[in-house]
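Computed over heavy atoms, backbone and side chain alike; hydrogens, waters and symmetry mates excluded. Below, chain A is the first sequence line, B the second, and so on; all start at residue 1.
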Protein chains: 2
Amino acid sequence: MRIAEAAAACGLSAHTIRFYEKSGMLPEIERGTDGHRRFTPRLIEWLTLLYWLRETGMSLEQMRRFTTLAKAGDAGVEERRQILSDHSATLKVKRATLDKCESILAIKIASYGQNTKEDDP
Amino acid sequence: MRIAEAAAACGLSAHTIRFYEKSGMLPEIERGTDGHRRFTPRLIEWLTLLYWLRETGMSLEQMRRFTTLAKAGDAGVEERRQILSDHSATLKVKRATLDKCESILAIKIASYGQNTKEDDP
DNA sequence: CTATTGACTTAGAGTTGCTCCAACTCGCTA
DNA sequence: TAGCGAGTTGGAGCAACTCTAAGTCAATAG
């Protein structure tokens, strides 16, 4: 699999995949005789996980740490679990933020019917 | 109200408030004889709304547009409503993203018990 | 057998949205 | 009058992309 296909499969752009590689967030990627990257299904899965982590706000720093642990094998499994469950906790907070904002928006939108001066400074 | 209090009240930092002002996302702010900004309750409300919009991912560009419309008064009320309801729709998408990621995390975390090789590249 | 097309490569500049720093002013207390 | 604390400004720095320029390589078209 080449980079364009990989990008389509995992959700990241080709640019971002290269950027992630350079930033040390990916395992070594094999190259073909043409020097182009070749992506295995395993790697696509990894990229897809990174996509979701990033999409929900994990920092590159955290993702780098996570990758480093994964490369180290069994030793880091406990910290890896910790990182993921911490992230899961922050998702709950983010959801509460969305909910709060939605209710503010609903009130605000409703107020426009009554009172067009609502926003004036 | 001075900038520090305003920051505490709306959730934005003093730095960010100044930055938003310079970027044209706030109405004119009065100054005291000392040249310091004075914040009215009205303005605090406005800042609080911006805080929630930004916190949930609205771009500064959108927020600038929204402010411009608000300054224009009644004329822009329809577009303002549109901006807010568009944003509300993107919040629903974001929530779906969070949910999806949470379920991926749950599966991943569970898999660490069974199979510590799970992540290896 | 060249020539062009298209997908890839790299290094590096640009963008967004802050965040912090340096150097300054002002009003106030001691 | 000296120092403190809260504010002021312009500008540098940072994260996480995102895009551009200039080039390589393989394959097909003429």
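- Among the atoms of the strands shown, none is found under 4.0 Å from any heavy atom of Ser13(B).
- In this entry the distance linking NZ of Lys22(B) with P of dG17(C) reads 15 Å, nearest Å.
- What separates NE2 of His15(A) from C1' of dG12(C) is a distance of 13 Å, to the nearest Å.
- Mapping Ser59(A) and Asp34(B) onto DNA chain D by nearest heavy atom places Asp34(B) closer to the 5' end of the strand.
- In this structure, Arg37(B) places its CZ atom 11 Å from P of dG7(D), rounding to the nearest Å.
- Among the heavy atoms of the strands lying under 4.0 Å from Arg18(A) is at least one base atom, whether or not backbone atoms are also near.
- Ionic pairing of Arg81(B) and Asp86(B) is not present here: no N-O contact between side-chain nitrogen and carboxylate oxygen is shorter than 4.0 angstrom.
- Nucleotide dG6(C) holds its C1' atom 15 Å from the CD1 atom of Ile3(A), rounded to whole Å.
- Both Thr33(B) and Arg54(B) lie close to DNA chain C; mapped to their nearest nucleotides by heavy-atom distance, the more 5′-ward contact belongs to Arg54(B).
- The CD atom of Glu55(A) sits 13 Å away from the C1' atom of dC17(D) (whole-angstrom rounding).
- Glu61(B) has a carboxylate O that lies under 4.0 Å from a charged side-chain N of Arg64(B), or vice versa, which qualifies the two as a salt bridge.
- Phosphate proximity of dG17(C) to Tyr20(B): absent, as no side-chain N or O sits under 4.0 Å from OP1 or OP2.
- Of the two residues near DNA chain C, His36(B) and Arg64(B), the one whose nearest nucleotide lies more 5' is Arg64(B).
- Residue Ala14(B) is classed as having no contact, given no heavy-atom separation below 4.0 Å to the nucleic acid.
- At the phosphate of dA26(D), neither OP1 nor OP2 sits under 4.0 Å from any side-chain N or O atom of Arg2(A).
- Applying the salt bridge (charged side-chain N to carboxylate O under 4.0 Å, His left out) definition to pairs two or more places apart or across chains, those involving residues 8-24 of chain B are Glu21(B)-Arg31(B), Glu21(B)-Arg37(B).
- In this structure, Met58(B) atom CE and dT16(C) atom P are separated by 17 Å, rounded to whole Å.
- When rounded to the nearest whole Å, the span between CZ of Phe39(A) and C1' of dC8(C) equals 11 Å.
- Within 4.0 Å (heavy atoms only), Arg38(A) reaches no atom of the nucleic acid at all.
- Going from atom CZ of Phe19(B) over to atom C1' of dG10(D) covers 14 Å, rounded to whole Å.
- Taking the six-membered ring for Trp and the full ring otherwise, Phe66(B) and Trp46(B) have centroids separated by under 6.0 Å.
- Note that CD of Glu5(A) is 9.5 Å distant from CZ of Arg38(A), once rounded to the nearest 0.5 Å.
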